[in-house]
Amino acid sequence: MEFKNTLAFAQSLDAQDNLKAYRDEFIFPKINGEEVIYFTGNSLGLQPKRTKAFVDEVMKDWGELAVEGHFYAEKPWWDYHERLAAPLAKVVGALPEEVSVMNTLTVNLHLLMVSFYTPTKTRFKILCEEKAFPSDQYMFQSQVRFHGLDPDETIVEIKKRDGEHHWRTEDILKKIEELGDELALVLIGGVNYYNGQVMDMETITKAGKAVGANVGWDLAHAVGNVELKLHDWNADFASWCSYKYMNSGPGNASGIFVNKKHLNKKDIQRFEGWWGTKKETRFLMKPEFEPMENADAWQISNVPILSVAPYLASLTMFEEVGMQKLIEKRKLIVSYLEFILHEIDKEVDSSFEIITPEDRGCQLSVFLHGQGKSLFNYLMENGVVTDWREPNVIRLAPAPFYSTYEDMYRFGQILKAGVLKNLK
Ligand SMILES: *Cc1c(COP(=O)(O)O)cnc(C)c1O
């Protein structure tokens with residue numbers, strides 16, 4: 001398709017957009033009385049209008065039924081989370097029994113590492129990407145220390161090549177090969193939070209499994225964004241948060257995937273609690289733990305219903321639309337944004353550098369040579385919500401559910417005006 005940097009062209013793309021009705025399903029913040037152009041769905045997705053009804057229902061049931069709500073609420077609380085498994089499994093490419101909802105992302109990764117990082121004297125190394133999301137780095141270091149090991153000797157980071165902004169799959173595969181039977185765990189961000197790169201999860205998983213390691217994925221930036229086939233790829237485990245591309249609200253419940261081959265095992269290491277035991281006998285309050293046959297075996301506490309209800313609301317949208325349509329729109333709108341950036345770059349003779357490689361999802365990370373934070377601030381004051389990462393990068397992530405092509409065009413015009421002001 002031949003793109004044009006005009007309002008009329010952007011509007012014509014919107015007119016053909018078969019997801020256009022969904023924009024009105026979301027609440028947009030306003031700046032200067034106008035709805036913002038929102039590029040930070042990769043950080044906190046917008047609030048769907050339908051979410052309130054899901055939360056209100058729980059509040060009403062709690063008020064009217066109190067403890068009886070566990071069994072007699074409109075959606076009884078004791079198995080509320082089970083409603084999420086089937087739709088969520090479709091989003092991540094899993095079987096419904098491989099998916100559960102609980103806690104928050106870093107907590108879940110810790111719990112999954114308890115099960116899937118069991119170092120021995122000879123096989124103890126962890127492979128991750130360099131400059132992983134800080135929470136993941138703290139997690140790795142503390143897990144390694146917990147096992148009495150030295151982080152410096154245990155955590156191996158895959159580097160980017162000098163002068164390059166992305167990781168090369170061949171370098172990752174080479175490292176896996178090199179570590180061989182010392183490698184206990186590969187745990188990488190499926191989509192990198194900084195440069196927006198989509199890792200070749202299938203190939204990397206296969207390579208990790210081939211040397212006998214466990215392979216897990218942090219899917220914070222991948223879920224609801226790119227195609228995932230966790231089951232077919234034969235990943236051992238994964239976890240993700242739900243508040244980025246899945247629009248479930250600040251700090252709300254996280255999801256986990258545990259491959260079917262690890263379910264129904266008694267001898268697996270796991271931190272356990274009453275919500276992981278068989279629900280048929282849970283309330284007999286027996287002393288011995290009998291794991292649920294699905295990924296719910298990793299649940300520890302009873303489910304935080306007010307944190308899961310918005311996630312269920314969000315999943316109804318994913319059910320209606322399906323990942324395929326979201327991915328189709330995502331590809332087109334991100335290409336259009338890329339085109340706009342190049343056009344503006346030419347018009348104002350600035351020097352933006354898109355550091356996101358071809359393998360990408362919703363996010364374009366743009367290195368602003370020259371003008372930095374002042375331009376970011378100008379965008380914000382003029383209704384464009386992006387985010388800033390050191391040293392000089394803005395991240396732009398249109399969300400296929402609610403971003404329009406017109407947003408991309410208008411963003412370009414605001415960006416151009418900002419650059420021409422030559423802010424220091
Ligand atoms: C957003 C994000 C997190 C957030 O972790 P929480 O435990 O939900 O606070 C972790 N890892 C990555 C890669 C992220 O992008």
Side-chain angles (χ1 to χ4, degrees), residues 39-46 84 88 91-92 100-114 116-117 126-143 155 157-158 160 166-167 172 185-199 201 204 215-226 228 230 235 237-257 271 298-301 304 306-308 310-311 314 355-356 359-365 385-390 393-397 399:
F39 279 121
T40 44
N42 57 348
S43 187
L44 181 70
L46 292 179
L84 285 84
L88 193 49
V91 174
V92 298
S100 189
V101 171
M102 59 189 73
N103 311 312
T104 44
L105 173 55
T106 312
V107 172
N108 282 337
L109 286 173
H110 269 299
L111 293 174
L112 290 163
M113 279 188 76
V114 166
F116 298 105
Y117 178 59
I126 298 174
L127 186 67
C128 62
E129 72 276 36
E130 74 172 328
K131 298 209 176 92
F133 192 81
S135 196
D136 298 39
Q137 295 187 43
Y138 309 145
M139 170 185 72
F140 289 133
Q141 292 162 17
S142 58
Q143 282 273 341
I155 304 167
E157 297 185 344
I158 308 147
K160 299 183 203 116
H166 67 284
W167 290 268
I172 302 174
L185 175 67
V186 179
L187 179 49
I188 299 177
V191 174
N192 184 259
Y193 82 99
Y194 187 81
N195 70 357
Q197 177 176 2
V198 182
M199 297 291 181
M201 290 177 259
I204 295 167
V215 181
W217 292 98
D218 177 341
L219 300 177
H221 280 260
V223 73
N225 175 7
V226 301
L228 298 169
L230 293 173
F237 69 97
S239 187
W240 53 89
C241 47
S242 61
Y243 48 78
K244 292 174 178 168
Y245 295 107
M246 293 203 76
N247 315 312
S248 87
N252 276 339
S254 153
I256 68 162
F257 162 87
F271 286 169
W298 274 262
Q299 295 221 343
I300 295 179
S301 296
L306 285 167
S307 153
V308 172
Y311 201 177
S314 149
I355 62 170
T356 304
D359 298 323
R360 67 191 184 194
C362 292
Q363 176 181 327
L364 292 180
S365 302
V385 184
T386 68
D387 88 0
W388 169 269
R389 294 283 142 152
E390 292 297 335
V393 167
I394 56 169
R395 303 187 304 168
L396 304 167

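Order of appearance sets the numbers: ligands from 1, and atoms from 1 within every ligand.
- In this structure, S242 contributes its side chain and S254 its backbone to no donor-acceptor pair below 3.5 Å.
- Residues lining ligand 1 at a heavy-atom distance below 4.0 Å are given as L105, T106, F133, D136, D218, A220, H221, Y243, K244, ordered by chain and residue number.
- With hydrogens and angles disregarded, no donor-acceptor distance shorter than 3.5 Å links the side chain of Q363 to the backbone of A397.
- The closest donor-acceptor contact from the side chain of N252 to the backbone of S248 lies under 3.5 Å.
- The side chain to side chain contact (heavy atoms under 4.5 Å, CB included) with M201 is formed by just one residue from the set I188, L219, V215; it is L219.
- Using the six-membered ring where Trp is involved, Y193 and H221 have ring planes that are tilted, between 30° and 60° apart.
- Side chain of R395 to backbone of G196: no donor-acceptor contact under 3.5 angstrom is found.
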